[in-house]
Amino acid sequence: MTAPVLPRAVGSPLARVEAREKVTGEARYAYEHAPDRVAYCAPVGATVARGAIRGVDAGGALERAGVLHVIWAENAPRLADAGDGELALFQGRTVAYRGQIVAAVVAETLEGAREAARLVRVHYDEQPHDVLLREDHPKLYKPDVVNPSFPTDTEQGDPDAALASAETSLDATYRTPAFHNNPMEPHATVAAWEGGGLTVHDSNQGASSVQRTLSRLFELEPAQVRVISPHVGGGFGSKGTPRPTVVLAALAARVAERPVKVAATRQEMFVFVGYRTPTVQRLRLGADDAGRLQAIVHEVAEQTSTVREFAEQTAVATRVMYAAPNRRTAHRVAALDVPTPSWMRAPGECPGMYALESAMDELAHAVGLDPVELRIRNEPDAEPESGTPFSSRNLVACLREGAERFGWADRGPLPGARRDGRLKRGMGVAASTYPAYLSPARAAARAEAGGSYVVRIAASDIGTGARTVLGQIAADALEAPVEQVRMEIGDSAFPRAGVAGGSMGTASWGSAVVKACRALRDALAEHGGEVPAAGLEAGADTADDVKAREEYARHAFGAQFAAVRVDADSGEVRVERMLGVFAAGRIINPRTARSQLIGGMTMGISMALHEESVMDERFGDYVNHDLAQYHVASCADVEQIDAHWIEEHDDHLNPMGSKGIGEISIVGTAAAVANAVFNATGTRVRDLPIRLDKLLG
Ligand code: MOS
């Protein structure tokens, strides 16, 4: 592994380098590209949840002025198999879920395409559908692995016997609904074919990955596909893998022989771009009188589609959290007639830790221990299930620091005891964790004759500040002022890199950037420190470094504290204060880091109190298809929110010593709120979101 970077620019609260471009509207997002002769494509979604397409009557649509094509299974170009059924647009007549794209209209205008899409008549042979997840669903099966490649089940010791003989035990089932990611910028693509090659301006979390998928689907060399994505307005995982929208744009542009634009409408964001699976989670904990865990059992039921298996790793965080000699985790998945779930911020850890950290709170109450103390008492020496040493683990420090800063000592342990007129007040705590992954990446660094540097990598800035922090990292590796370094990212023509996902972007791209910048410095030294007139360039690839990493359990940890007030008459819950304290290695930019952390915490408040995709069993569809009906926390829902981090030095991570921060702050948040609601009211809500009716019932 490359030697650590000595921080100069790293650690300073730099503003986003493209901030001015963004606030002045100069930063162009995918859909804003307007090539000559551009046409517009609107999808037609299935109106049945299961069945087969008997035929398509496109007459009414094609009669409209400006309508160019109606595409469906009968006339669409053939695509190669890219291993994701959601992307096999128009390759068969099977309907796997309501809203699945079954046809599309290409027209001269956006309005014309949408209007004509309404006029396309699709005839179906409809079959009965099965769309509701239950813990006893007969279709539940054991997948080979859970995402991305964890064992489905684990077991150590004899958890059943340990539960039976434990002095205190808990058996509780928690439920989370489906959640839909809603970045401000929807999935959007402008696709154009030229000279047999394909260029897309696309909104995604990784240009290299979209390039690879499109080249497979259309049987092109990767170099024949260019994906350009300099600015992306959020993703939260929904843009982590290519979605049907990018394929639709490329396919329609091929049919139309013109550039084509596609953007998901807000309503379509609730259909075919992915969502978080609902979960049913049974947690059993057994402890001795001192609160030391003897057994942990975490069993999960969740859903996937019939199109593709997506098996969320919901119980995986339970394998790394607390010591206990007897333990079991298990995942079961049912393939229903629903859209395929996909990545959503902290997939696995987020819903799983809601259940585990709620159960820990219930156990603390049952054994009469402070919930902070219960967690400290069950702190493991090494990663509990693997026995692998942690590269660093500062959960206890986060809990202690958070308790101090938050005023945890003022919390009364007795639920429902702090009442102020109609208002009941309470506090809750929960732990958070997220793995510190590293993926291989390449980068190129170039010195220009005038003394400036350009660093290129196909990294992705989805609004997090990636471009800015990579510039800071590059500057320190080059030992140059940050103003002299320009980052060029978001283009598959740049050296290949992994996605902005799994909270591994900065760590992975930064490692390649450091390596390329060091190679450039060495090359410059060979030139006696002089930059040749033509400039000088060096490249790097971290594939071997990633493989050669020592065996450590690498995770970030954190502690979330929430104070709520609950209206005794209306059941309304307000989060009046929230504090997250995190241990995530070196923080590269405190300004963008804070923004990420409080953003994740806000999303966690939203999960606790507001968000819920409601399945209508009759039609087999989520009924709340827009932001009027799917409630997302707004500024008014967040009163005081703050994020802190502790100094953590970890030499086993990467040259920056950093862990990811994109996802950890949504982990544990919902449990902290639910635990605070219990402390305020004495009512334990075990199914999210915590709606008024559940508190008044
Ligand atoms: Mo994140 S859900 O890993 O993009």
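Both ligands and their constituent atoms are indexed starting at 1 by order of listing.
Between W343 and the choices Y275, F236, F310, the ring pair (Phe, Tyr, Trp, His ring centres under 6.0 Å) rule is met once, by F310.
At least one heavy atom of A500 sits closer than 4.0 Å to an atom of ligand 1. Within the 4.0 Å heavy-atom cutoff, G240 does not count among the residues contacting ligand 1.
The heavy atom nearest to atom 1 (Mo) of ligand 1, considering only E663, M344, R276, is found in E663.
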Check your understanding: Should F494 and I457 be marked as a side-chain contact (heavy atoms from CB on, under 4.5 Å) after you check the CA-CA gap, both sets of side-chain angles, and the distance that decides it?
Key -> CA-CA 5 Å; F494 299 150; I457 178 168; 5.5 Å; no

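Contact check on E488 versus R456 returns a salt bridge, with a Lys/Arg side-chain nitrogen under 4.0 Å from an Asp/Glu carboxylate oxygen.
When atom types are taken as modelled, the side chain of H180 and the backbone of F270 share a donor-acceptor pair closer than 3.5 angstrom.
For the atom pair CG (N589) and CG (L470), the distance works out to 11.0 Å, reported to the nearest 0.5 Å. In this structure, the separation between CE on M321 and CD on E383 is 11.5 Å, given to the nearest 0.5 Å. The CG atom of N204 lies 5.5 Å from the OG atom of S460; values are rounded to the nearest 0.5 Å.
Interface atoms of ligand 1 facing F236, defined by a heavy-atom separation under 4.0 Å, are 2 (S). Shown in contact with P347 at under 4.0 Å from a heavy atom are these atoms of ligand 1, numbered in order with element: 2 (S). Close approach of ligand 1 to R345 (heavy-atom distance below 4.0 Å) involves ligand atoms 2 (S). Of all atoms in ligand 1, listed by their number and element, those nearer than 4.0 Å to a heavy atom of G501 are 1 (Mo), 3 (O), 4 (O).
At least one N or O atom of Q205 sits closer than 3.5 Å to an N or O atom of ligand 1. When only interatomic distances are considered, the shortest N/O to N/O separation between G502 and ligand 1 falls below 3.5 Å.
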